[in-house]
Participant: 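Could you have a look at this structure, given as structure tokens, before my questions?
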Amino acid sequence: MTGTPRTLAEELRTRTDRGLVGLLRARPDLLNPVPGDVTQLATRAGTRASVVRAVERLDRFVLQTAEALAVAPDPCPYDTLGALMGGDAGDPAVAAELPRAVAELRAQALVWGPDERLRLVRTARELLTPSAAHPSPTGLGPTVAEAMAGMSPGLLQEIIAAAGLPTTHDPVTAVASLTALFSDRARMAALLDTAPAESVAVLDKLLWGPPYGGVTDRPAPHLQWLLDRGLLIPAGARNVVLPREAALHLRGGRAHHTPEPVPPALSPATERDPQLVDNAAANQAFTALATVEELLKEWDLGGPAVLRAGGMSVRDLKRTATALDTTEQLAAFWLELAYAAGLIASDGEADERFAATPAAEEWLQLPDHERWAALAAGWLAATRAPGIVGTADAKGRALAALGPHLDRSPAPEVRRRALGLLATLPPGTAVPATAVLARLQWERPLRGGAPAVGQAPAAADGATAAPGADPADDLRSRLAHWTLTEAELLGVTGRGALSTHGRTLIDTASDSAAPTPAETTAAATRAAALLAPLLPEPVDHVLLQADLTAVAPGPLRRPLAEALGVLADIESKGGATVYRFTPGSVRRALDAGRSAAELQEFLATHSRTPVPQPLAYLIDDVARKHGQLRIGAAAAYVRCDDDALLSEILADRRAAALRLRRLAPTVLAAQTSPDQLLDGLRAMGYAPAAESAAGDVLIARADSYRTPPRTAPAPVPDGPPSPDPTLLAAAVRAIRAGDLAATAERKPVHAPAPAAPGALPRTTSAETLATMQAAVLTNSALWIGYVNADGAASQRVIAPVRVEGGFVTAYDHTSDEVRTYPLHRITGVAELADDSV
């Protein structure tokens, strides 16, 4: 194609395959479904929904360039655009970055045409052009022609006369004359030199927007001076507007108050020893594993009930936070982290409650670094945002942990972008969170919480070009802030800097912001291999002390930790966990089936210090009393070989609630259940043991409660997925082939009536068969109209190979494959004028 393209479709036809692949990769919504030809692609690229999505993904300077094009003449020469972005004085940084911005807008099909005739796509112009209802982030108002539309011809002549211009014979030339005056720097400066100081002050207030102001029925003289000369134009009963051309003169030609061609620097930077950063991250990673493991242990017999609306109650969240010794907000993070990794879920029963899943059992048996990899991969891909737990939804209801409506689809992209920014820094370098947030705001100024495209800027004075709300309040910035906090908790970062294994975690083979689950898992596995040598080695011993405590000098091996967790209570955590032995904890171990001798041997085996005498006495004393009383089901009974002990119980006032009576010298009957009787006697200081109907001691070893098999929650995608190279290549081939079928020049066909432009070819069955057979002999391509079994009509370019039995076998250029078509579904056929396929 030669000459200047007249439409976006014509320009897209001139692009290389690589150019079309770049467009489809940047705007994947154009691929669903694959466009039939370039015209369909151009039409879809101009739809409002697609344009809004594309504009939202522009960085701040590219967006500012699009906003400048929206207030520029259409078409706009490149030099005019450069003057709008850099002002009359010029800006080297703007001049250096403007080619990149224009190229980016072209690549995304938001701008087309040569440099001397740049055109913003009509839908984008409608979104970004200033209007009274939707002021532009530039702070500019309507043009003189737009503001004076509908004004009486007499008033127009009065305005141009007051401005020192000759009167004209019609409104069009009058408006053009005034526009030329405001656009002429020398004449405009001369006019403003005659303005009162108060008038200039009014213009200064409206200069950077909003360009609208209010006036009374009888404006002050300095306002009337501006109204008389068209520097303020009526925009309603008591409103006026500063026309765009006048504002640009006062601004020195700049469309934006502060162009931002260069992203904010990640500074100030603090350099730390990379090894110290890795060690700090590894310590926190181990703490994260211990916290999740403790959560699973807390819910081993079943977790809290599920609310009717989903999620867990505030009371249960507080209870979980207390058990984890953390705040409610951090408890919500650990809950959501375990949920994202598929370790906890609801059981789905009628009386629904949360519990650990079968996958949690497998996770607990993995090495520490592999367990961390599972948590990190789940966190990185999760779209659920724990940070919004406790906030109100659209209906004013509080959002519950593990409940619905916590998904925020931009979360994975924000996490990767925030960590990616840290990865650009030298190893061990940390920057303040505000610097990361500022950079993310520059990269995506319209995403997540900012006003919709075309809405007014948050600041009334128009001092900034960014159209968003307070960066601290929008969703994207909050997600980034939470990402930095959560990465530190999970051990991806250490002391604010990205760790070595953290860099590997976000290093995937995919260049897109949304790698596949397999890529995320593979990267997490590689990161875990780097983390493994940094994690503390589990120890197989404790240090027993005379004050009935045991100190674990490091993380204990799992069997030892589980056994010691039954025999003793955890008193404090940290680098060295402290366990305390109490009568209740020893009785718990005896209830689990251990004898006093076994407990003594267990402690002697796993302690690097001798078993203290007070601890040995405690075990023997509790064991001597344990099981002396036996409780079974009558409703319940108590039996004991020592009848004096039973008499003592009967005489105790605290036993009144148990309603005991003596059946025999060694047997008491109760009117309460065995469990209540067991708890009541233990509360009185006794150590009874439960027994079966056969008289055997029942071992109180509760089975772990698990949900049925559950899968981790699927992330909610943020728009269509990024297409892979195979799909992109196939889509471009299909678009090229469809375009060839729609635009190929064809030989005239003798038909009873001429076909309408763009209609399917129409030939008789005999003509169709004869043309097909001739094409087989000459090995030529044909243009056909085809209607499939669903009634959908299409145009195709085929090269017939064989015609027999009412079918034609041909190579279809549109689908790039050999296909067979029933002849009765072919509406017509035409030879190509130039067979170049």
Side-chain angles (χ1 to χ4, degrees), residues 4-15 19 22-23 26-27 29-30 38-39 41-86 94 97-131 133-143 145-146 183 209 244-245 247-248 253-256 259-261 445-446 451-455 457 465-467:
T4 302
R6 296 169 297 173
T7 63
L8 175 61
E10 289 185 2
E11 179 170 282
L12 291 179
R13 286 193 179 95
T14 65
R15 292 194 181 187
L23 170 61
R27 299 175 63 178
D29 56 291
L30 302 180
V38 173
T39 301
L41 175 63
T43 302
R44 194 175 298 170
T47 59
R48 183 180 179 86
S50 181
V51 169
V52 167
R53 184 171 183 82
V55 169
E56 286 182 341
R57 291 184 173 272
L58 301 177
D59 66 49
R60 180 160 293 163
F61 185 66
V62 178
L63 178 61
Q64 287 180 332
T65 304
E67 291 164 352
L69 282 171
V71 299
D74 187 28
C76 174
Y78 183 87
D79 291 342
T80 302
L81 175 62
L84 283 171
M85 294 298 296
V94 169
E97 287 296 318
L98 190 57
R100 177 192 70 85
V102 173
E104 177 67 17
L105 291 172
R106 273 206 181 104
Q108 298 211 30
L110 295 173
V111 166
W112 60 278
D115 282 352
E116 61 272 13
R117 293 178 61 84
L118 294 174
R119 289 183 179 272
L120 192 63
V121 172
R122 184 183 63 183
T123 310
R125 178 172 288 275
E126 293 172 354
L127 288 169
L128 300 174
T129 299
S131 68
H134 300 290
S136 168
T138 62
L140 292 170
T143 63
E146 293 167 346
S183 302
R244 186 182 306 169
E245 293 84 354
L248 286 173
R254 284 187 296 157
H256 295 88
E260 298 184 58
L446 287 182
V453 176
Q455 288 187 2

Participant: Can you tell me if Ser136 uses its side chain to pair, donor with acceptor, with the backbone of Gly139 under 3.5 Å?
Facilitator: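 Pair absent, no side-chain N/O of Ser136 close to backbone of Gly139.
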Participant: Any carboxylate oxygen within less than 4.0 angstrom of a Lys/Arg side-chain nitrogen, looking at Arg106 and Asp115?
Facilitator: yes
Participant: Taking all non-hydrogen atoms of both residues into account, name the closest pair between Val102 and Tyr78 and its distance.
Facilitator: CG2-CE1, 3.9 Å
Participant: Return the minimal non-hydrogen interatomic distance between Ala109 and Leu23, and the atom names on each side.
Facilitator: CB-CD1, 3.8 Å
Participant: Side chain to side chain contact (heavy atoms under 4.5 Å, CB included) between Thr80 and Leu118: does it pass, once the steps are laid out?
Facilitator: CA-CA 10 Å; Thr80 302; Leu118 294 174; over 6 Å; no
Participant: Please evaluate residues Leu58 and Gln108 with respect to the criterion side chain to side chain contact (heavy atoms under 4.5 Å, CB included), reporting the C-alpha separation (whole Å), side-chain torsions for both, the decisive distance (0.1 Å), and the verdict.
Facilitator: CA-CA 10 Å; Leu58 301 177; Gln108 298 211 30; 3.9 Å; yes
Participant: Do you know which two heavy atoms are closest between Pro77 and Pro75, and how far apart they sit?
Facilitator: CD-O, 3.9 Å
Participant: What are the two closest non-hydrogen atoms of Leu81 and Ala68, and how far apart are they?
Facilitator: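 That would be CD1-CB, 3.8 Å.
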Participant: Has the side chain of Thr43 got a donor or acceptor atom that lies under 3.5 Å from a matching backbone atom of Thr39?
Facilitator: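 Flag set: sc Thr43 to bb Thr39 pair under 3.5 Å.
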Participant: How many angstroms lie between CG in Leu128 and OG1 in Thr138, if you round to the nearest 0.5 Å?
Facilitator: 9.5 Å
Participant: Below 4.5 Å, heavy atoms only, C-beta onward: do Asp74 and Leu120 meet side chain to side chain?
Facilitator: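 No - every pair of side-chain heavy atoms lies 4.5 Å or more apart.
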Participant: Answer yes or no: is there an ion pair linking Arg6 with Glu11, defined by an N-O contact shorter than 4.0 Å?
Facilitator: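 No, this pair does not count.
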Participant: Distance check, rounded to the nearest 0.5 Å: Leu140 atom CG versus Glu245 atom CD?
Facilitator: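 CD of Glu245 is found 9.5 Å from CG of Leu140.
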Participant: Apply side chain to side chain contact (heavy atoms under 4.5 Å, CB included) to the pair Leu248 and Leu84, showing each step before the final yes or no.
Facilitator: CA-CA 8 Å; Leu248 286 173; Leu84 283 171; 3.9 Å; yes
Participant: Quick check: closest heavy atoms across Val38 and Ala9, and the distance to 0.1 Å?
Facilitator: CG1-O, 3.4 Å
Participant: Kindly give the heavy-atom pair with the smallest separation between Pro259 and Val94, and that separation in Å.
Facilitator: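 The pair with the smallest heavy-atom distance is CB-CG2, 3.9 Å.
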Participant: For Ala107, does its backbone N or O pair with a side-chain atom of Arg15 as donor and acceptor, under 3.5 Å?
Facilitator: yes
Participant: Under 3.5 Å, is there a donor on one side chain and an acceptor on the other for Thr65 and Arg100?
Facilitator: no
Participant: Taking Arg125 for its side chain and Ala70 for its backbone only, find out whether a donor-acceptor pair lies under 3.5 Å.
Facilitator: yes
Participant: Please lay out, stage by stage, how Thr129 and Val71 fare under the test side chain to side chain contact (heavy atoms under 4.5 Å, CB included).
Facilitator: CA-CA 6 Å; Thr129 299; Val71 299; 5.9 Å; no
Participant: Short question: side chain of Arg119, backbone of Val111 - any donor-acceptor pair under 3.5 Å?
Facilitator: no
Participant: Spell out, as yes or no, whether a donor-acceptor pair under 3.5 Å connects the side chain of Arg44 to the backbone of Leu30.
Facilitator: yes
Participant: Who passes side chain to side chain donor-acceptor pair (under 3.5 Å) against Ser50, sequence neighbours left out?
Facilitator: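 Applying side chain to side chain donor-acceptor pair (under 3.5 Å) to Ser50 gives Arg27, Asp29.
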Participant: Using the rule given for salt bridge (charged side-chain N to carboxylate O under 4.0 Å, His left out), can you reason through Arg244 versus Glu146, listing the C-alpha separation, both sets of side-chain angles and the distance that settles it, and then say yes or no?
Facilitator: CA-CA 10 Å; Arg244 186 182 306 169; Glu146 293 167 346; 3.7 Å; yes
Participant: Among Arg254, Glu67, Glu97, Gln64, which one satisfies side chain to side chain contact (heavy atoms under 4.5 Å, CB included) with Met85?
Facilitator: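 With Met85 as partner, Arg254, Glu67, Glu97, Gln64 yield a single side chain to side chain contact (heavy atoms under 4.5 Å, CB included), made by Gln64.
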Participant: Could you measure the distance from the CH2 atom of Trp112 to the OG1 atom of Thr7? Nearest 0.5 Å is fine.
Facilitator: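 Nearest 0.5 Å value for the CH2-OG1 distance: 6.0 Å.
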